[in-house]
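In what follows, a structure is listed as structure tokens, so that the remarks can point back to it.
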Amino acid sequence: MQKTVAIHTLGCKVNQVESSAIAEMFKENGYRPVDFDQPADVYIINTCTVTHLGDRKSRQLIRRAVKTNPGALVVVTGCYAQTSPGEVLEIPGVDLVVGTGDKNKIVKLVEQAVNKNAGPFNAVTDIFKQNNFQEMPTAADSGKTRAFIKVQEGCNNYCAYCIIPYARGPLRSRQPESIVNEVKKLIANGFKEIVLTGIHTGAYGLDFKDGTELSTLVKQLVRLPGLKRLRLSSVEPNDITEELIAVASSAEVFCRHLHIPLQSGDDDVLKSMRRRYTTGHFAGLISRLRERIPGIAITTDVIVGFPGETEQMFENTYQFCREMAFSGMHVFKYSPRKGTAAADFPHQVPAPEKERRSKKLIQLGAEMAADYALKTVGKTVEVLAEQQVEGSPGHWEGLTDTYLRVEFPCAGNIRGRLVNVQVTEFRQGKLYGKIN
């Protein structure tokens with residue numbers, strides 16, 4: 001009987017990309033992927049540790065897997081596994097813990113664990129001894145319309161609140177030739193949009209010491225025949241160079257959307273966070289981007305309740321975000337992580353106050369997102385059809401290059417096609433229209 005594997009992913013887009021690669025590796029070795037709630041021979045929990053909530057959810061999923069099939073091999077990987085392998089091994093039923101630097105070896109480690117049958121095994125290695133990017137297969141799933149490619153790993157920034165450098169290790173970039181070849185294959189397989197992602201995507205190439213940077217890679221990719229869209233995942237403000245702006249503004253396939261984390265709109269908080277820019281620098285960058293790329297969508301991340309953030313500092317953030325007129329905003333309540341500098345900072349903000357600030361900023365984010373989307377009503381936009389709308393037969397939905405979701409009626413299967421849609425209304429966070 002064919003062996004089965006079930007994978008559950010927590011956290012960021014990089015984790016999701018890596019889980020897809022892990023599934024691909026198991027398939028190549030004769031395993032059949034099944035849903036996580038089904039009985040399986042092997043359960044993989046790809047964990048997150050950005051917040052306490054991520055840790056808690058990871059533990060809950062581990063226990064759920066053990067309960068679903070007590071005889072299965074339970075494997076825990078990801079950032080929580082890397083930073084806290086001892087905690088993970090204490091959970092009854094865990095058989096194998098694999099760190100972030102060895103996900104490409106996970107099938108081999110699983111087979112060894114099955115054969116040895118020697119109880120819980122800690123396979124986590126020192127992430128700071130990782131010097132090279134670990135290649136993993138890109139899952140060219142024909143059922144998907146956008147392909148995500150991980151182009152770099154690790155982060156050297158060490159922001160005061162962030163555990164990720166300790167979970168992911170130093171900066172390592174994937175060789176450009178490998179990326180280009182992968183994108184060519186994905187284009188040949190029918191993918192219209194490629195998304196470049198990483199732990200610190202904007203730092204791509206800085207470890208090569210030959211002048212290679214993100215703009216160098218983007219210039220190569222936008223020239224590839226058949227590529228219709230190229231999108232970047234999150235890019236830090238200091239990594240958006242004039243060269244990157246130039247290629248983004250001149251390449252027709254470059255999506256008019258950038259996710260640029262702000263984290264705070266108060267300069268004192270930014271300094272305490274160890275963010276290496278000011279609100280003035282950030283505002284100037286946004287102004288240049290909008291001047292060079294008309295209609296560009298700028299989305300962002302903001303943390304509320306950072307230690308020492310006063311009511312006035314929060315109000316500065318609120319007003320600055322309003323001035324920036326983001327098209328979308330992810331709001332996070334500060335979560336102290338053991339081992340980071342901010343965990344020991346004085347003047348920790350009480351949980352109820354963090355909740356209040358979070359709700360206020362989320363509301364502002366919704367208002368700004370609506371304002372940006374409403375500018376599209378009455379216009380014709382290009383939409384990459386992704387999927388049929390659940391509960392609405394004959395309706396499809398997909399994304400514009402500015403990362404707006406549009407729903408429209410259409411008969412037949414148009415998955416993966418780029419269609420022109422005239423937008424007629426904006427309702428409950430989504431645009432609606434008809435094929436033009």
Side-chain angles (χ1 to χ4, degrees), residues 13-14 17 133 138 146-153 155 171-188 191-262 276-277 281-300 324 326-328 381-382 384 399-404 418:
K13 181 56 70 175
V14 173
V17 172
F133 182 89
T138 297
R146 299 188 297 150
F148 290 80
I149 295 185
K150 180 183 166 187
V151 299
Q152 71 81 226
E153 175 65 276
C155 180
L171 178 68
R172 289 100 73 200
S173 300
R174 185 177 180 181
Q175 290 295 328
E177 297 82 4
S178 173
I179 298 169
V180 170
N181 290 334
E182 193 78 52
V183 172
K184 286 180 179 178
K185 291 177 184 177
L186 291 165
I187 293 171
F191 286 89
K192 301 294 194 301
E193 181 174 314
I194 304 296
V195 186
L196 305 184
T197 190
I199 296 300
H200 185 179
T201 309
Y204 173 82
L206 298 186
D207 52 322
F208 290 151
K209 305 189 188 311
D210 63 356
T212 297
E213 59 179 38
L214 184 59
S215 64
T216 313
L217 175 64
V218 171
K219 286 176 186 176
Q220 289 182 268
L221 297 179
V222 296
R223 293 196 294 262
L224 293 179
L227 179 64
K228 300 300 182 183
R229 285 184 180 178
L230 181 70
R231 191 183 301 275
L232 298 182
S233 62
S234 181
V235 184
E236 293 290 325
N238 291 335
D239 297 329
I240 301 177
T241 62
E242 289 303 315
E243 291 80 7
L244 186 59
I245 295 175
V247 66
S249 61
S250 61
E252 190 175 330
V253 301
F254 193 96
C255 290
R256 295 173 300 150
H257 167 238
L258 285 172
H259 186 84
I260 311 173
L262 169 64
R276 298 171 178 85
Y277 54 86
H281 172 270
F282 192 96
L285 171 63
I286 301 305
S287 178
R288 291 198 305 278
L289 285 168
R290 286 175 172 154
E291 181 182 343
R292 298 284 295 279
I293 311 172
I296 187 172
I298 306 289
T299 54
T300 197
M324 291 301 97
F326 296 115
S327 62
V381 296
E382 186 180 67
L384 177 59
L399 292 173
T400 66
D401 74 313
T402 54
Y403 212 68
L404 293 174
L418 289 164

Give a yes or no on whether the backbone of I199 and the side-chain of Q152 come within a donor-acceptor separation of less than 3.5 Å. yes
Minimum heavy-atom separation for F208 to P176, with atom names? CE1-CD, 3.8 Å
Just verifying a value: how many Å separate Q175 CD and L217 CG, rounded to the nearest 0.5 Å? 11.0 Å
CD1-CD1 distance between I286 and I296, expressed to the nearest 0.5 angstrom: 8.0 Å
Measure from the side-chain N and O atoms of T400 to the backbone N and O of V381, and report whether any donor-acceptor pair falls under 3.5 Å. no
Got a sec, which pairs hit salt bridge (charged side-chain N to carboxylate O under 4.0 Å, His left out) with one end in residues 215-232, sequence neighbours left out? E193-R229, E193-R231
Testing the basics here: between L244 and D239, what is the closest heavy-atom pair and its distance to 0.1 Å? CD2-O, 4.1 Å
Fit a plane to each ring of H257 and Y403, take the angle between them on a 0 to 90° scale, and name the class: parallel (under 30°), tilted (30 to 60°) or perpendicular (over 60°). parallel
Is Y204 reaching over with its side chain to a backbone N or O of R174, donor-acceptor style, under 3.5 angstrom? yes
Taking the side chain as every heavy atom from C-beta outward, state whether L258 and I293 have any atom pair closer than 4.5 Å. no
To the closest 0.5 Å, what do you measure between CG (L285) and OH (Y277)? 10.5 Å
Would you check, one step at a time, whether the test side chain to side chain contact (heavy atoms under 4.5 Å, CB included) holds for L384 with R146? CA-CA 9 Å; L384 177 59; R146 299 188 297 150; 3.7 Å; yes
To the nearest 0.5 angstrom, please state how far the OG atom of S249 sits from the CZ atom of R256. 12.5 Å
Within a strict 4.5 Å, meaning less than it, do heavy atoms of the T299 and F326 side chains meet? no
Heavy-atom closest pair, residues S173 and F133: O-CB, 3.4 Å
Are side-chain heavy atoms of I194 and L221 found at a separation under 4.5 Å? no
Value for CZ (F254) from CD1 (I245), rounded to nearest 0.5 Å, stands at 10.0 Å
Taking all heavy atoms of T201 and all of L196, pick out the closest pair and write down the distance. CG2-O, 4.1 Å
How far apart are the closest heavy atoms of S250 and A246, and which atoms are they? OG-O, 2.9 Å
Assess, by modelled atom type and distance only, whether the side chains of S233 and H259 contain a donor and an acceptor separated by less than 3.5 Å. no
Do T300 side-chain atoms and I260 backbone N/O form a donor-acceptor pair below 3.5 Å? yes
Check: R292 and E242 side chains under 4.5 Å, non-hydrogen atoms: yes
Are any non-hydrogen side-chain atoms of L224 and L230 less than 4.5 angstrom apart? no
Measuring from atom CD of E382 to atom CG of L399, what distance do you get when rounded to the nearest 0.5 angstrom? 12.0 Å
Closest non-hydrogen atom pair between V253 and L227, with its separation: CG1-O, 3.3 Å
